[in-house]
Amino acid sequence: MNDAHSGIVKAVIPAAGLGTRFLPATKATPKEMLPVVDKPAIQYVVEEAVNAGLTDVLMITGRNKRALEDHFDRNYELEDALRRKGDHDRLSRVEESTELAALHYVRQGDPRGLGHAVLCAQPHVGDEPFVVLLGDDLIDPRDPLLTRMAEVRQEYGGSVVALMEVDPDQVHLYGCAAVKPTADDDVVKITDLVEKPAHGEAPSNHAVIGRYVLDPAVFDVLRTTEPGRGGEIQLTDALRRLTENETLGGPVHGVIFRGRRYDTGDRGDYLRAIVRLACEREDLGPDFRAWLKQLVAEGL
Ligand code: UTP
């Protein structure tokens, strides 16, 4: 990563989920390809990985992998048409996604859960620490998170997850961590993890968000992790086993992220993310904000 000493170069982006919350939009298109303003969500995530110095990106894809591969591949016909029109702006926007990083793909087959998707990365990742990024969470490039997480792994060893303090009545939507403070204000030691805890059973309001720096020991643990919530092999369950028995490849620490994050995993939050990002855009923002103000003034 940016810090030459962290030695982490590989990013894994699981994109094989069914995306049922967005049906029917995700019937033939992966959720990760849904546009956030004018770029598919996954491109923001690949850009984040690249900006953190990760040069090798593996996508775990499923039945709808074509759209993902095509997006990061050349489209000669389109490029040629834009070139002939002299539309260099759009041409460079089309070429941008092709030139980002060395991209690799592996297929998950059955979507048996996030933990299983991560396990599919083992032949590519091998025995190296690696980063996992979920397309549901967009992290604002002005608030870099991955570099800090890699530093924390260097300092404490083991694996590192990103946490956010959320409203207690929202925590049931996330993986939730029981935590102990460390000498660093933004770092906690994780002592337990629960995937989507029932109301009143959350150990804290520290929610796991979709960025992980993982020790390769997690693969052995995942291989013997039974299906959990929803009948799926949960990454949270494998990480919990690492917290219970550090000799397996622990410890697990959390970096508390206090920056800007946009949740695109559910429809309401997805719409909020688009409105916020559109408002902030230099090209679209001024007109869009004026329209939005008027809409609100009209008493919607
Ligand atoms: P989610 O839990 O959000 O599931 O997955 P989902 O299928 O994508 O969406 P919903 O809940 O049905 O609407 C979190 C991340 O893990 C990936 C998804 O693509 C998403 O990036 N994932 C999940 C896999 O790659 N494989 C799986 O088997 C499950």
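Whatever order the structure lists them in is the order used to number ligands and atoms, beginning at 1.
- Contact annotation: Ile60 has no heavy atom less than 4.0 Å from any atom of ligand 1.
- If you look at Thr20 next to ligand 1, the close heavy atoms, those under 4.0 Å, come from the backbone and the side chain alike.
- Side-chain contact check for Glu48 versus Leu146: some heavy-atom pair is nearer than 4.5 Å.
- Arg289 CZ: more than 12 foreign heavy atoms inside a 6.0 Å radius.
- Taking atom 18 (C) of ligand 1 as the reference point, the nearest protein heavy-atom neighbour is Gly17 N, 3.6 Å.
- Not close to ligand 1: Gly265, with no non-hydrogen atom less than 4.0 angstrom away.
- At a 4.0 Å heavy-atom cut-off, ligand 1 touches Lys31 through the side chain alone.
- Closer than 4.0 Å to atom 2 (O) of ligand 1 lies none of the heavy atoms of the protein.
- Counting heavy atoms closer than 4.0 Å to ligand 1, residue Gln108 contributes side-chain atoms (C-beta onward) but none from N, CA, C or O.
- With Tyr174 as the aromatic partner, Lys196 does not meet the cation-pi criteria of under 6.0 angstrom to the ring centre and within 45 degrees of the ring axis.
- Between Thr182 and Asp184, the side chains place no donor N or O within less than 3.5 Å of an acceptor N or O (distance only, hydrogens not considered).
- Atoms of ligand 1 lying under 4.0 Å from any heavy atom of Ala117, numbered from 1 in the order shown and given with element: 24 (C), 25 (O), 26 (N).
- Given atom 25 (O) of ligand 1, the protein heavy atom at minimum distance is Ala16 N, 2.9 Å.
- Looking at atom 16 (O) of ligand 1, its nearest protein heavy atom turns out to be Leu114 CD1, 3.5 Å.
- Within the 4.0 Å heavy-atom criterion, neither part of Thr26 lies near ligand 1.
- Checked for salt-bridge contact, Arg261 and Asp263 meet the test: a charged N lies under 4.0 Å from a carboxylate O.
- A donor-acceptor pair shorter than 3.5 Å can be found between the side chains of Thr225 and Arg241.
- With hydrogens and angles left out, the side-chain atoms of Gln234 and Arg240 include no donor and acceptor closer than 3.5 Å.
- A centroid separation of less than 6.0 Å is found between the aromatic rings of Phe22 and Tyr270.
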